[in-house]
Amino acid sequence: MTATGLPGWRHLSSGKVRDLYTPDAGSPWDGEDVLLMVATDRISAYDHVLSPGIPGKGIILTQLSLWWFEQLAAEGIGNHLVSTEVPEEVAGRGVVVRSLDMVEAEAIVRGYLTGSGLAEYRETGTVTGIVLPGGLTDGSALPEPLFTPSTKAEQGDHDENISFEQLQQSIGADLARRLRDAALRVYALAEAKARAAGIILADTKFEFGLDDQGALVLADEVLTPDSSRFWPAEDWAPGKAQPSFDKQFVRNWLTSDASGWDRNSDDAPPELPADIVAATQERYLDAYRRLTGTELPNFI
Ligand SMILES: N#Cc1c(N)ncnc1-c1cnn(Cc2cccc(F)c2)c1
């Protein structure tokens with residue numbers, strides 16, 4: 001995967017759908033402790049990066065994350081944002097952020113049971129060692145939101161759920177407690193706003209870092225359909241896989257006869273048809289509209 005060459009920035013690393021850059025020697029940011037985080041139009045499903053990308057996805061999700069950071073800052077939750085003045089090539093989808101000492105754990109909060117949490121529950125009746133009541137099923141609302149941390153896997157591997165005790169051993173008891181409290185607080189604030197917009201925030205993954213003063217700072221992207229499971233509230237029906245707010249058109253097509261693809265094979269998925277791309281772009285725009293209550297300014 002080749003990241004975009006950007007004037008003043010040197011490519012540092014890439015995730016499935018995002019790229020990270022560090023200031024180039026001689027650039028205006030040279031010597032500053034910052035990074036450039038760029039969201040691409042790439043979309044992934046079933047552990048594959050699909051083609052083509054979704055036009056505008058990087059812009060829509062970056063602008064949604066910036067909106068959430070602003071909402072949360074109003075509640076006193078600090079973040080890593082520095083500037084949205086970025087090279088023209090990544091306008092609207094690039095953010096200059098403070099370079100932090102990132103906490104080596106994914107801070108995941110679940111309000112509903114699905115995915116790896118459901119798999120563990122079906123095996124053990126627990127999620128990351130937390131005992132849950134019997135009788136829960138796919139999509140069940142949990143009695144209360146749970147902090148269910150995981151490791152940060154290398155690119156291509158899967159994060160592994162760990163217990164709070166394991167987290168304490170890994171990052172220390174005090175930081176583990178601070179991480180849990182911050183993640184649960186952010187989830188509660190966001191879940192209420194999402195619910196008011198008719199969107200269930202089933203679960204979400206936060207990344208935090210420590211600044212020079214040792215303060216816990218909300219980093220990465222926040223509360224986007226890439227970092228969270230968003231479900232349309234009107235379709236919520238526990239007992240089966242819930243429809244994804246943003247990726248259901250893609251998933252349905254990829255698993256239909258029309259695609260000719262077998263998700264259990266080693267074959268790469270086929271190109272997405274134009275109508276699936278267009279419908280998915282509209283779902284991202286709709287998520288932005290419903291959550292923020294506004295239209296995305298100057299969207300292409
Ligand atoms: N956010 C943030 C951050 C920060 N503020 N300070 C130091 N490191 C990071 C950081 C390191 N990896 N990632 C994830 C990641 C990987 C690949 C591409 C991406 F856009 C993002 C985030």
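Numbering of residues begins at 1 and proceeds along the displayed sequence. Computation of the quantities below employed the complete heavy-atom set of this structure, encompassing side-chain atoms and omitting hydrogens, waters and symmetry-equivalent molecules. Counting starts at 1 for both ligands and their atoms, following the listed order.
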Tell me: protein heavy atom nearest [atom], and distance?
| atom | value |
| --- | --- |
| atom 15 (C) of ligand 1 | R18 NH2, 4.0 Å |
| atom 6 (N) of ligand 1 | L100 N, 2.8 Å |
| atom 20 (F) of ligand 1 | M37 CG, 3.1 Å |
| atom 14 (C) of ligand 1 | D220 OD1, 3.7 Å |
| atom 13 (N) of ligand 1 | L20 CD2, 4.0 Å |
| atom 16 (C) of ligand 1 | S13 OG, 4.2 Å |
| atom 17 (C) of ligand 1 | G15 N, 3.6 Å |

[Y]/[X] salt bridge by N-O under 4.0 Å criterion:
| X | Y | value |
| --- | --- | --- |
| D181 | R185 | no |
| D226 | K16 | no |
| E120 | R110 | no |

So, is the end of the R283 side chain (NZ or CZ) under 6.0 Å from the ring centre of F249 and within 45° of the ring's axis? no

Between [X] and ligand 1, which part of the residue brings a heavy atom under 4.0 Å of the ligand: side chain, backbone, both or neither?
| X | result |
| --- | --- |
| D19 | backbone |
| V97 | side chain |
| M102 | side chain |

What residues form a ring-ring contact (aromatic ring centres under 6.0 Å, His included) with Y121, not counting sequence neighbours? none

Over 60° means perpendicular and under 30° means parallel, so tell me whether H80 and F69 are parallel, tilted or perpendicular. tilted

Backbone N or O of G58 within a donor-acceptor pair of the D41 side chain at under 3.5 Å? yes

Would you mind listing which atoms of ligand 1 come within a distance below 4.0 Å of any non-hydrogen atom of R98? 4 (C), 5 (N), 6 (N)

Which atom pairs, donor and acceptor, lie under 3.5 Å between side-chain atoms of residues 197-216 and protein residues at least two apart or in another chain?
residue: D203; atom: OD1; partner: R229; partner atom: N; Å: 3.4
residue: D203; atom: OD2; partner: R229; partner atom: NH1; Å: 2.7
residue: T204; atom: OG1; partner: S227; partner atom: O; Å: 3.4
residue: T204; atom: OG1; partner: S228; partner atom: OG; Å: 2.7
residue: K205; atom: NZ; partner: D159; partner atom: OD2; Å: 2.8
residue: E207; atom: OE1; partner: K152; partner atom: NZ; Å: 2.9
residue: D211; atom: OD1; partner: Q213; partner atom: N; Å: 2.8
residue: D211; atom: OD1; partner: G214; partner atom: N; Å: 3.0
residue: D211; atom: OD1; partner: A215; partner atom: N; Å: 2.8

Measuring from non-hydrogen atoms of G209 to any atom of ligand 1, is the shortest distance under 4.0 Å? no

